[in-house]
Amino acid sequence: MRIVLVVIAAASVCACAMNYDVVKVGDDTYQVSAVASPARRGISGAQQMALANANKKCDSLGKSINVTNIDTGHEFPAAGRAIVTFTCK
């Protein structure tokens, strides 16, 4: 049982982060999300990664980003989550 608790504790503070692909959710509207562990600055780290992906998408279209919404929160056990909704103008 102690080994399981140690593994869970170690996993919750590892330097893990994940970016997800940009998804088209409307005519000119896109959404992208990211998750970051506390070691990768949690919510603020996830928000930074999601915004970077959003900027890359608009850059690839030769347009500028217009952020319409940012939703943040926590994922189990302690990771930060950010979902960015944006348009490219």
Side-chain angles (χ1 to χ4, degrees):
M1 182 62 155
R2 287 185 186 184
I3 292 174
V4 172
L5 293 175
V6 169
V7 169
I8 290 172
S12 69
V13 295
C14 75
C16 301
M18 181 175 282
N19 278 308
Y20 294 94
D21 292 334
V22 174
V23 177
K24 189 170 186 171
V25 295
D27 288 338
D28 292 318
T29 305
Y30 301 90
Q31 202 168 60
V32 64
S33 62
V35 178
S37 70
R40 299 272 260 179
R41 298 184 353 202
I43 289 174
S44 63
Q47 185 173 336
Q48 182 180 18
M49 289 187 302
L51 285 169
N53 259 0
N55 274 306
K56 283 182 193 175
K57 175 62 177 178
C58 291
D59 285 347
S60 75
L61 299 172
K63 298 182 178 182
S64 297
I65 189 172
N66 178 39
V67 176
T68 58
N69 189 48
I70 299 177
D71 179 37
T72 60
H74 288 96
E75 297 291 328
F76 180 80
R81 169 193 41 81
I83 301 170
V84 176
T85 305
F86 64 99
T87 59
C88 298
K89 303 262 180 187

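The two residues Arg40 and Ala17 make their nearest non-hydrogen contact at NH2-CB, 3.3 Å. Between Thr68 and Phe86, the shortest heavy-atom distance links the atoms OG1-N, 3.8 Å. Between Ala46 and Ala36, the closest heavy-atom pair is N-CB, 3.7 Å. What you find for Pro38 and Ala78 is that their closest heavy atoms are CG-O, 3.6 Å.
Between the OG atom in Ser33 and the CG atom in Asn19 there is a gap of 8.5 Å [rounded to 0.5 Å]. Interatomic distance, CG of Asn69 versus OG1 of Thr85, reported as 5.0 Å (0.5 Å rounding). To the nearest 0.5 angstrom, Gln47 atom CD is 10.5 Å from Asp71 atom CG. Put simply, NZ on Lys57 and NZ on Lys24 are 8.0 Å apart, with the number rounded to the nearest 0.5 Å. A distance of 10.0 Å separates OH in Tyr20 from CD1 in Ile83, rounded to the nearest 0.5 Å.
Note on Leu51: it does not cluster hydrophobically with Met49, by side-chain heavy-atom contacts below 4.5 Å among ILVMFWY residues. Both Ile65 and Leu61 sit in one connected hydrophobic cluster of ILVMFWY residues. Membership requires side-chain heavy atoms under 4.5 Å apart, directly or through other members.
The pair Asp28-Lys89 fails the salt-bridge criterion, with no side-chain N (NZ, NE, NH1 or NH2) lying under 4.0 Å from an Asp/Glu carboxylate O.
For Asp21, the CG atom sits in a loose shell: 12 or fewer heavy atoms of surrounding residues, nucleotides or ligands are nearer than 6.0 Å.
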